Amino acid sequence: MTPCSGGRKIGPSGRAGRFAEAVRIGYAGGTGAVPGRVEGVVDGAVMLTHRKVADILKNGQPGQTVEVKGWVRTRRDKPTFSFVEINDGSCMANVQAIVESTTNGYELLKEVTTGSSVAIFGTLKESEGKGQRIEVLATSLKVLGTADAHTFPLQKKGHSMEFLRSIAHLRPRTNTFGAMTRVRNAVCWSIHNFFQTRGFLYINSPIITTSDCEGAGEMFQVTTLDLEGLESRDKGLGTEKAAGGDGGASTSPSVPSPSTLDPRPSSIDYSHDFFGKKASLTVSGQLEAEIFATSVGDCYTFGPTFRAENSNTTRHLAEFWMVEPEMPFYELEDNMRLAEEFIKTIIRDVLERCPDDMQFFNDRIEKTVLETCRNITDHEFIRLPYTEAIDILVKSGKKFEYPIEWGKDLQSEHERFLTEEHFKQPVILFDYPRQIKSFYMRCNEDGKTVRAMDVLVPRVGEIIGGSQREERYDVLVDRMKECGLNPEDYWWYLDLRKYGTVPHSGFGLGLERTILLITGMANIRDCIPFPRTPKNAEF
RNA sequence: UCCCCGAUAGCUCAAUGGUAGAGCGAGCGGCUGUUAACCGCUAGGUUCCAGGUUCGAGCCCUGGUCGGGGAGCCA
């Protein structure tokens with residue numbers, strides 16, 4: 001996360017100096033910025049010449065002289081003066097400035113349109129109107145940058161999410177995306193804080209991988225080969241598929257991967273490629289996390305993850321952020337306990353740190369988000385074995401589009417029934433049939449199930465997928481063969497079991513799905529600054 | 001990738017096969033403190049693209065592009 005402090009050094013120190021100062025303050029300050037708690041002075045830093053809107057609205061007192069800088073949201077003219085509302089992204093609310101005919105720069109008011117940037121110097125006073133505690137009586141107005149009202153796309157009125165996606169470079173200036181950005185930041189802070197306060201080490205797992213068994217989905221290829229010089233092989237969207245990755249379905253013994261089905265002989269010699277072998281963007285940091293969990297202990301990865309599947313849904317991105325903790329000596333029950341505490345802590349932190357933003361989401365986006373959040377923090381998650389879930393679904397008498405049968409993976413409609421209708425709260429499903437789960441999940445003694453777990457939440461579905469890992473060398477080798485995998489390809493993974501193996505567990509949490517859950521946004525593309533989806537990487 | 005729906009003014013949407021409309025936004029004017037201000041006036045269009053049917057297509061047909069919802073894959 002970016003240590004974002006209210007205090008920055010200004011003056012001749014220049015950009016590099018300011019950045020260094022910000023970083024230093026971030027480390028010293030520890031908790032980072034909290035909306036509404038912006039400090040004018042931090043750790044001896046030079047006081048800002050201007051104050052953030054969040055600070056003025058929260059701490060500003062009548063009589064104080066202030067300078068406020070930001071972007072104009074709206075201007076309302078009266079015969080002898082104007083109201084100018086300024087937002088700088090530090091909080092949901094705008095600060096209202098009164099620009100009078102006696103204000104220096106009053107003649108510039110024509111240029112003060114929605115979207116323009118201004119610096120206003122003035123005195124704080126109690127507001128005569130309703131709706132705000134305090135406002136700025138301007139003594140001088142400077143227009144930093146105009147925004148042609150004819151062409152500036154953002155208006156005072158609401159816009160559709162689809163339209164805002166088409167102007168992703170300007171949408172952070174809206175209430176919704178300002179709030180989303182602050183909530184996302186709070187979630188990231190909470191994630192690091194949760195693990196750091198529990199002694200987990202943050203592992204920077206690689207983005208580029210040459211492991212063709214990393215799995216969990218179709219991969220984006222990374223190459224420096226001259227593709228235009230190569231004969232087109234009509235790749236289309238993704239042709240690679242391998243086993244593995246948390247929650248991923250296994251490559252069934254009877255179903256070879258698509259790449260082995262390709263009748264065309266490979267004419268590409270990867271020994272000439274940059275890494276000397278075929279390379280891809282990571283689909284999971286789990287393998288790296290397992291290596292470190294079995295050496296330095298509790299750890300987590302947190303970074304971008306890439307899936308080249310041609311998924312066009314409100315819950316999938318081609319590039320998303322995933323948190324993957326991995327813990328030695330944890331069995332499945334410990335894993336579930338940690339996952340539950342993790343989600344609850346994130347939600348509690350966001351509610352505490354972003355109350356205005358959350359109120360906004362509840363008022364304007366989805367009127368049940370606060371209730372949903374409280375419902376999650378206040379109740380114990382249901383723990384339900386897969387087999388019992390099947391029973392509940394069968395006995396529900398509800399007609400589902402897809403049949404319910406032990407051994408088949410649950411469909412979205414089944415998961416939604418359990419979490420939205422039957423229990424009306426998060427459900428942790430565990431002990432899934434071994435034939436629908438990945439090779440690395442620990443086999444149960446019943447010979448039929450593995451120690452997998454999925455955390456299902458209302459509206460979003462699967463938010464966490466995880467498992468206790470198979471730590472028994474021989475069992476893992478047999479399981480790989482059962483899944484049609486060649487153990488030799490996994491020699492280093494097997495080494496972890498060969499030398500000082502320990503029971504261990506882990507899971508993966510989708511950051512954007514967490515944002516979906518907490519904010520009530522309808523589409524995951526609006527839960528990340530710049531969404532990457534099939535046919536979309538414009539910004 | 002599959003199924004369904006859609007694309008008209010800057011935005012959100014109307015428009016029986018027969019003159020292309022509204023609200024908001026924008027511009028101008030008015031208003032003694034506004035709060036998505038309010039009141040009046042004005043401007044604003046290659047109806048997604050390419051074909052086809054028809055005397056005539058925003059509307060019907062074919063193909064494409066893009067977008068939305070659902071499904072699959074999964075986080």
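Labels below follow one simple rule: chain letters A, B, ... track the order of the sequence lines, proteins then strands, and each chain is numbered from 1. Small disclaimer: the values here were computed from a predicted structure and weren't measured.
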Any strand is fair game: report the nucleotide pairing with B/U65 by Watson-Crick or G-U wobble, both distances under 3.5 Å, or none. B/A7
Side-chain atoms of A/Phe83 come closest, of B/G72, B/U34, B/C11, to B/U34
Should B/C41 form a Watson-Crick or G-U wobble pair with both distances under 3.5 Å, which nucleotide is its partner? B/G27
RNA chain B nearest-nucleotide lookup for A/Thr74 and A/Ile98: closer to the 5′ end is A/Ile98
Would you call A/Arg337-A/Glu341 a salt bridge at under 4.0 Å N-O? no
Please confirm whether the shortest side-chain N or O distance from A/Arg513 to OP1 or OP2 of B/C74 is below 4.0 Å. no
Rounded distance in Å between the C1' positions of B/C28 and B/G64: 44 Å
Check the phosphate of B/A37 against A/Lys156, side-chain N and O only, distance under 4.0 Å to OP1 or OP2. Yes or no? yes
What is the pairing partner of B/A20, taking Watson-Crick or G-U wobble pairs with both distances under 3.5 Å in any strand? none
Look at the aromatic rings of A/Trp321 and A/Phe302 and report parallel, tilted or perpendicular, splitting at 30° and 60°. perpendicular
Heavy-atom side-chain contact between A/Lys110 and A/Val143 under 4.5 Å: no
To the side chain of A/Thr314, which of B/G69, B/U1, B/C74 is closest? B/G69
Is there a side-chain polar atom (N or O) of A/Arg76 under 4.0 Å from OP1 or OP2 of B/U32? no
I'd like the P distance from B/G45 over to B/U8, given in whole Å. 15 Å
Side chains of A/Asp431 and A/Thr449: donor-acceptor distance under 3.5 Å anywhere? no
